[in-house]
Amino acid sequence: MSQLTFWFGCALVALIAEFVSGTFYLLMVALALACGGLAAWLGAPEPWQWLIASVSGAVGLLLIYRRRRSLMPLPRRRTIPTGASRWKSAR
């Protein structure tokens, strides 16, 4: 099996798994594997293919993580009643 077939075959499997699960994390993994396949197609040595796939996957996952964190609403601050308003009105 050639390196090109390996990378794009794994990318296809990750893409199918993403369609089943519906998460963007597996989509980034599939894109990272496709980047490794692109590096293989351009003739990069195997260690460089793994490095390109790893770095692109880590960057993609970090971008999704940051995007999801920015879209989450901030938690509401709950105030604990201290009874200070009762003390002022009792004077």
Side-chain angles (χ1 to χ4, degrees):
M1 172 168 52
S2 72
Q3 291 177 345
L4 193 62
T5 306
F6 168 77
W7 285 109
F8 287 120
C10 289
L12 183 63
V13 168
L15 188 64
I16 291 170
E18 191 276 327
F19 287 150
V20 171
S21 69
T23 64
F24 283 106
Y25 290 104
L26 281 174
L27 181 63
M28 287 299 121
V29 171
L31 285 175
L33 290 168
C35 287
L38 181 65
W41 181 66
L42 292 174
E46 189 174 357
W48 281 97
Q49 295 170 23
W50 285 101
L51 181 68
I52 290 170
S54 300
V55 169
S56 61
V59 168
L61 293 178
L62 180 68
L63 289 175
I64 288 178
Y65 176 75
R66 285 191 176 183
R67 173 80 173 151
R68 292 187 86 186
R69 291 271 313 221
S70 69
L71 293 178
M72 286 186 349
L74 294 174
R76 297 180 112 192
R77 289 186 75 176
R78 297 180 70 184
T79 57
I80 300 172
T82 58
S85 60
R86 288 186 297 184
W87 291 344
K88 288 182 181 179
S89 62
R91 288 186 190 177

- request: State which residues pass side-chain hydrogen bond (donor to acceptor under 3.5 Å, both in side chains) with R69; sequence neighbours excluded, sorted by chain then number.
  value: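 Partners of R69 by the side-chain hydrogen bond (donor to acceptor under 3.5 Å, both in side chains) criterion, ordered by chain and then number, come out as Y65.
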- request: List for me each residue that meets side-chain hydrogen bond (donor to acceptor under 3.5 Å, both in side chains) alongside S70, sequence neighbours excluded, and say none if there are none.
  value: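 Applying side-chain hydrogen bond (donor to acceptor under 3.5 Å, both in side chains) to S70 gives none.
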In a table with atom names and distances, give each donor-acceptor pair under 3.5 Å that connects a side chain of residues 7-29 to protein atoms at least two apart or in another chain.
{"residue": "W7", "atom": "NE1", "partner": "Q49", "partner atom": "OE1", "Å": "2.8"}
{"residue": "S21", "atom": "OG", "partner": "A17", "partner atom": "O", "Å": "3.1"}
{"residue": "S21", "atom": "OG", "partner": "T23", "partner atom": "OG1", "Å": "3.4"}

Table please: side-chain donor-acceptor pairs of residues 51-61 below 3.5 Å, with sequence neighbours left out.
{"residue": "S54", "atom": "OG", "partner": "W50", "partner atom": "O", "Å": "2.8"}
{"residue": "S56", "atom": "OG", "partner": "I52", "partner atom": "O", "Å": "2.8"}
{"residue": "S56", "atom": "OG", "partner": "A53", "partner atom": "O", "Å": "3.1"}

field: Value rounded to 0.5 Å, distance of CG in L62 from CZ in R66
entry: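 The CZ atom of R66 is 5.0 Å from CG of L62, to the nearest 0.5 Å.
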